[in-house]
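What follows is a set of notes on a single structure, which appears directly below.
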There are 2 protein chains.
Amino acid sequence: MRRPTIVDIARVAGVSKGAVSYALNGKPGVSDRTRQRILDIARDLGWAPSGPARALSPGGRVGAVGLVVDRPAPALGVEPFFMQLVSGIETELTAAGVDLLLHVTEDQAEELAAYRRWAAERRVDGVIMVDLRTDDPRVAALEELPLPAVVLGGPEGVGGLPCLHSDETAAMREVVRYLAALGHRRIARIAGPEGFRHTRDRTRAFREAAGEAGLAETRTVYADYTGEAATRATRRLLALAERPTALVYDNDLMAVAGLGVAREMGVDVPSRLSIVAWDDSVLCGLVRPSLTAVVRDTVACGREAARMLLGRVEGEAVASRQAPPGELHPRASTGPLAP
Amino acid sequence: MRRPTIVDIARVAGVSKGAVSYALNGKPGVSDRTRQRILDIARDLGWAPSGPARALSPGGRVGAVGLVVDRPAPALGVEPFFMQLVSGIETELTAAGVDLLLHVTEDQAEELAAYRRWAAERRVDGVIMVDLRTDDPRVAALEELPLPAVVLGGPEGVGGLPCLHSDETAAMREVVRYLAALGHRRIARIAGPEGFRHTRDRTRAFREAAGEAGLAETRTVYADYTGEAATRATRRLLALAERPTALVYDNDLMAVAGLGVAREMGVDVPSRLSIVAWDDSVLCGLVRPSLTAVVRDTVACGREAARMLLGRVEGEAVASRQAPPGELHPRASTGPLAP
DNA sequence: CGTGAAAGCTGAACCGGTTAAGAACGCGGC
DNA sequence: GCCGCGTTCTTAACCGGTTCAGCTTTCACG
């Protein structure tokens, strides 16, 4: 039994397929009586519009958007950020009957190739770009392609693309003040890749907040969000003569790694070392001591980004927006230094 | 500047669009000279085939397959299994120029609706189904739909669908023997949802292996892969008068949660309690003590499943296969009981 | 030199929708 | 009775490919 088409409906209803199309799309051109009859027949036949056919029509939409994730695969699995983001994006897309294409790449060249292929082959109506970098070549590429795009990150360096950016200054200030209030004077930060835009933003915010709080020595070392890199970085930091008494990690996975290193080196958390994770997930609540974390509503970010993209796909002018700021959720991994 | 089409190529080459189609698809019907000329022109114009147009042609493929993930969203984020699976699937799909549609649902009804919509609207050429349950209603639904499908799990209860199943008996036996050899007599297992097919399989394997090893008392309690459920279950187990001395968790996230509970209750791991995680991820190596785990090559499973599905999409008869068995990787969370 | 077959290419139909242009019809106004 | 107009519907083109039937041209073979 073949998929029913509008021609089948037209035959049963005794009208032309043009009339059926008008009726099904709620456009004027058919009487209410006829429209209802056609809708009934369509329901009875179990008709659903063919995606490819719709897309092929002049001005037609594909009904799908793409997301490329370019991070090392092993880390990805345990990186809660992405699935939360995807979950939020999906919520909004599903409501609009739009599908999500997910692509995992090894490097940025592959990512660019994916965008180009999607545009050339008309696989998607638009894309959401994440992990904005400084002087990101993807921005120029996406601006050239006939492919609506929304950037997660910014607000600078996104060219003419609408972006959903987050101001992390406030959260960073909260973190630094909190740690300073606990008595910490030497705070170090284990950051994400230096090339990422939001990494830089946080580094600047970190330096400024430390200055405000009157902390002399702050230090940021760059890692890549993986446990191994964080492990190495933490070992080095804790081996310093004047070792830091508080560590701020750019994601929760690295914070867990840091916790493990502290344990292994016999540095008690939190009496000798405080640990803060940026980005919360169930993980932070499961390890012991549970991890103090900066909580961002990643699901909401995903939803908002999806909404923005759907707007752009419809041809609306979409303004850049600010995502809700993160908040510090203190748990057991931070505290005053033992005397 | 519009996307170039084969008509544009035809015009430049001075041939009909039929000839261009033959040339571009490597089909006979054009001379080698003409074919080369057409290929050159296509390259110069930056031509790429339109996905929707290809799909619309009689017998055409959409060039995409779908994956629905039906698990609680917060757990998903930190569940390494899925991203590893996706990563493996993607590798194989990318090589074939096929895209992946990912859909996250709240319940099984939504999942079924997604399959039906994908089939009715021709959004995908096939789907990979995961988390097989006992008497799974999705099997019958997928058998009725004109939608090639491959099941992860089995080998029974998949109807006529080809499946990639894993025999976990061997790995389970290895785990139980190992723990028994360390001196453990009371082993408990914190499992995934009872409705999942592989949960049942493991439960049976667990009971059998325990019998073989001469262990009197084994116990399986069911959780849902989330940290909270595992936390509750572990608390209850460790509060028993005759508490188990070894715990086997059905995924790594729950094992991490269990480790936290042990710590909180002052039960030292591994001298008083051994912990084994089923499914390895970076997480297992990051927490302290690092977690002994059963390692399965999830990426390879994803690749194999994708290969099987691509075969089915091409109309080949695809036989069910067995996935490579898991292996025990002992780390620091298991050991002999302290005297 | 005639003939048959193969090679190389064209024209047109087809997939399943959307949409612009136009036809048929009823109706009110003059 | 005729005109103009709005409603309702039909016709046909179009999107960008694939593929089948058929038409030339070439060429080997008897």
Are any protein N/O atoms closer than 3.5 Å to N/O atoms in nucleotides 19-23 of chain D? If there are, list each pair with its distance.
residue	atom	partner	partner atom	Å
D/dT19	OP2	B/Lys27	NZ	2.5
D/dC20	N4	B/Tyr22	OH	2.6

Quick check on D/dT18: is either OP1 or OP2 less than 4.0 Å from any side-chain nitrogen or oxygen of B/Arg54? yes
Side-chain N or O of B/Thr34 less than 4.0 angstrom from OP1 or OP2 on C/dC9? yes
Taking 4.0 Å as the cut-off, does a side-chain nitrogen or oxygen of A/Trp47 come that near to OP1 or OP2 on C/dG16? no
Does a salt bridge link B/Asp131 with B/Arg71, judged by any charged N lying under 4.0 Å from a carboxylate O? yes
When all nucleic acid strands are considered with a 4.0 Å heavy-atom cut-off, which category describes B/Ala48: base, sugar-phosphate, or nothing? sugar-phosphate
Go through the N and O atoms of the side chain of A/Thr5 and the base of C/dG16, and report whether any donor-acceptor pair is under 3.5 Å. no
Using only side-chain N and O atoms of B/Ser57, determine if any of them is under 4.0 Å from OP1 or OP2 of D/dT18. no
Per-helix bend value, the helix from C/dC1-D/dG30 to C/dC30-D/dG1, C1' rotation axes over five pairs per end, 10° rounding, shows 60°
Short N/O separations, protein against nucleotides 4-7 of chain D, under 3.5 angstrom:
none

Parallel, tilted or perpendicular: which one describes the rings of A/Trp118 and A/His103, with boundaries at 30° and 60°? perpendicular
Please lay out, stage by stage, how A/Arg61 and A/Asp125 fare under the test salt bridge (charged side-chain N to carboxylate O under 4.0 Å, His left out). CA-CA 6 Å; A/Arg61 304 270 130 76; A/Asp125 294 320; 5.1 Å; no
